[in-house]
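Comments concern the structure below.
Note on naming: letters A, B, ... go to the chains in the order of the sequence lines (proteins, then strands), and numbering restarts at 1 for each one.
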2 protein chains.
Amino acid sequence: MARFEKVPDIVIGRLPVYLRALTRLASEGQEITSSQQLGKMLGVSSAQIRKDLSYFGEFGKQGMGYNIAHLQEQLSAILKVDREWEVVVVGAGPLAEALIREDPFAGKGFRIVALFDSRPERIGQRLAGMEILDSAQLPEVVRQRGLKVAILAVPAAEAQQVADTLVAAGIKAILSYASTTLSVPPEVRLQYNDAAAQLQRMAYYLQ
Amino acid sequence: MARFEKVPDIVIGRLPVYLRALTRLASEGQEITSSQQLGKMLGVSSAQIRKDLSYFGEFGKQGMGYNIAHLQEQLSAILKVDREWEVVVVGAGPLAEALIREDPFAGKGFRIVALFDSRPERIGQRLAGMEILDSAQLPEVVRQRGLKVAILAVPAAEAQQVADTLVAAGIKAILSYASTTLSVPPEVRLQYNDAAAQLQRMAYYLQ
DNA sequence: CTATGTGAACAACTTCACAGCC
DNA sequence: GGCTGTGAAGTTGTTCACATAG
């Protein structure tokens, strides 16, 4: 398939899922897989997996399937997570602590390198071994280190203002845990991590 | 629109987003809104909002717009979050602590009522004021209290086994923070809260 | 005159089905 | 024989545009 046409965002959204499944298979010692096996693991059709991959190239061998390590490399490169993006976290609360301690980004292309809070009593303290910096320094640090990715873990009331500061400082991707709708310019990517919304979506089907 | 036809899941997924926006408007003291205002806040078209709502009934007044409090009530009822679902959390780590302390479900239809771990040294301890129970008791507690909703916050290696136990005990909705693909029967709803995947999705557009 | 609710038109996405290669 | 890659067909989701109600 032409490698130049625009790839639907919905396809991009599935690549991390494929990558996770491949990691699992690799950890089990498997070397080769097929669109059918992946499809079964993930509950999607094998045709969808083949079609999704075809937006980016030809990664399989007909009659054989996909080399897992190779496909992992390719997908990592496509998603640009074949490197380590430095991430800033704003809001030194329990959630930031969980992210730093459990490090769910390890080996997935991201590393938390700076932690900010605006509450005077928190500034200078440590959280899970990481120093809490003054939010007043945020624009300077983001600019100097050229940070592009931020995680927002502040109360809803402050979220928009912090998002504005991040954007002004050059941040291009924000993952927000704040339970409020934010507004950012179109060149900045924004994702909400909203556990309450996920539960509400499932509640519809209960009973 | 016929209130009987099947509603696409993608529409259900947007209702919590609408609800969150309405909560924000209500907190700002507004009483009436329009599909256009909501659309602007959320970055979707006004037609989509009207169409989505039309699956469930007629909630607005032509020429006037929507009464915010009324629409909140209606959407809450549709999503079945006009009550409080009791939630069990499995895995007493930093993430469970963050969920209990920050309580992102407050006022959204869910309340954490039980916390389990399988590590002997953690059992009997307290986490953010909540007693850590022995995972061995999990099936019994889930059945006795008739719990339907679970949050999975255990290491990837244990996640599938815990999910199986939850399902066997009668859980119908699982929100998993484990970074691994799970398999559950079709009558059980499953959502992944995968921050790494969300960052990876945005990384594609960086640079 | 404003803003909803909704068929009809359109666009996006998914699945089918098969040629081509291993 | 098995499995990929992909146009074509089919399905689902979104936007248009307007009749209708306040």
Side-chain angles (χ1 to χ4, degrees), chain A residues 1-18 21-22 25 30-75 78 201 204, chain B residues 1-18 21-22 25 30-75 78 201 204:
Chain A
M1 183 177 283
R3 235 128 296 163
F4 308 108
E5 72 186 273
K6 195 200 168 283
V7 180
D9 179 60
I10 196 168
V11 172
I12 305 300
R14 282 192 293 261
L15 299 188
V17 178
Y18 298 163
L22 291 167
L25 291 174
Q30 204 173 310
E31 291 184 2
I32 302 285
T33 187
S34 65
S35 59
Q36 208 168 102
Q37 180 181 35
L38 283 170
K40 255 188 207 139
M41 276 180 75
L42 299 172
V44 306
S45 76
S46 61
Q48 176 156 91
I49 291 172
R50 294 198 303 278
K51 186 69 128 180
D52 285 353
L53 297 178
S54 80
Y55 280 100
F56 306 100
E58 309 190 0
F59 304 119
K61 283 211 185 75
Q62 292 174 330
M64 297 272 103
Y66 301 92
N67 176 291
I68 290 173
H70 179 243
L71 189 52
Q72 279 182 296
E73 276 171 36
Q74 297 294 311
L75 292 183
I78 291 163
R201 179 177 194 159
Y204 176 81
Chain B
M1 182 176 281
R3 235 127 295 163
F4 308 108
E5 71 186 273
K6 195 201 168 285
V7 180
D9 180 61
I10 195 167
V11 171
I12 304 301
R14 282 192 292 261
L15 299 188
V17 178
Y18 298 163
L22 291 168
L25 291 174
Q30 204 172 310
E31 290 184 4
I32 302 285
T33 187
S34 65
S35 59
Q36 209 168 100
Q37 179 181 34
L38 283 169
K40 254 188 206 138
M41 277 179 75
L42 300 171
V44 305
S45 75
S46 61
Q48 176 154 93
I49 290 172
R50 294 199 303 277
K51 187 68 131 179
D52 284 354
L53 296 179
S54 80
Y55 280 100
F56 305 100
E58 309 191 358
F59 305 119
K61 284 211 184 75
Q62 291 177 332
M64 296 272 104
Y66 301 91
N67 177 290
I68 291 173
H70 178 243
L71 189 52
Q72 280 182 297
E73 275 170 37
Q74 297 295 310
L75 292 183
I78 291 163
R201 179 177 194 159
Y204 176 81

Where the side chain of [X] is defined as all heavy atoms beyond and including C-beta, which of [options] is the nearest nucleotide?
| X | options | result |
| --- | --- | --- |
| Q62(A) | dT15(D), dC22(C), dG5(C) | dC22(C) |
| P8(B) | dA17(C), dG13(D), dC13(C) | dG13(D) |
| K51(B) | dG5(C), dG5(D), dG7(C) | dG7(C) |
| A47(B) | dA17(C), dT15(D), dA3(C) | dT15(D) |
| S35(B) | dC16(C), dT15(D), dT4(C) | dT4(C) |

* Asked: Looking only at heavy atoms, what is the nearest atom pair of R14(A) and D52(A), with distance?
  ->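 Minimum heavy-atom contact is NE-OD2, 2.7 Å.
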* Asked: If you look at every heavy atom in L53(A) and F59(A), which pair is closest and at what distance?
  ->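 Heavy-atom minimum between the residues: O-CE1, 3.5 Å.
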Distance check needed: [N] [atom2] versus [X] [atom1], whole Å only.
| X | N | atom1 | atom2 | result |
| --- | --- | --- | --- | --- |
| R14(A) | dA12(C) | CZ | P | 15 Å |
| Q36(B) | dT15(D) | CD | C1' | 14 Å |
| L71(B) | dT4(C) | CG | C1' | 13 Å |
| K6(A) | dA11(C) | NZ | C1' | 13 Å |
| I68(B) | dT4(C) | CD1 | P | 12 Å |
| E58(B) | dA19(D) | CD | P | 18 Å |
| R50(A) | dT6(D) | CZ | P | 11 Å |
| I12(B) | dG13(D) | CD1 | C1' | 14 Å |

* Asked: Are more than 12 heavy atoms from other residues, nucleotides or ligands located less than 6.0 Å from atom CD of Q30(A)?
  ->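 Yes, the 6.0 Å shell around CD holds more than 12 heavy atoms from other groups.
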* By nearest nucleotide on DNA chain C, pick out whichever of F59(B) and Q48(A) is the more 5' one. =>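 Counting from the 5' end, the first nearest nucleotide belongs to F59(B).
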* Asked: According to the side-chain hydrogen bond (donor to acceptor under 3.5 Å, both in side chains) rule, which pairs have a member within residues 61-70 of chain B, sequence neighbours left out?
  ->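 As it turns out, the side-chain hydrogen bond (donor to acceptor under 3.5 Å, both in side chains) pairs with a partner in residues 61-70 of chain B, which skip direct neighbours, are H70(B)-Q74(B).
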* Contact under 4.0 Å: S45(A) side-chain N or O vs dT14(C) OP1/OP2 ->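 So the side-chain polar atoms of S45(A) never come under 4.0 Å of the phosphate oxygens OP1 or OP2 of dT14(C).
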* Asked: Taking only side-chain nitrogens and oxygens of Y66(B), does any of them come within less than 4.0 Å of OP1 or OP2 of dG5(C)?
  ->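 For Y66(B), the contact criterion (side-chain N or O under 4.0 Å from OP1 or OP2 of dG5(C)) is met.
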* Taking C-beta and beyond as the side chain, do I78(B) and I12(B) meet within less than 4.5 Å on heavy atoms? ->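 No - every pair of side-chain heavy atoms lies 4.5 Å or more apart.
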* Asked: DNA chain D: G60(A) or D9(B), which has the more 5' nearest nucleotide?
  ->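 Between the two, 5'-proximity favours G60(A).
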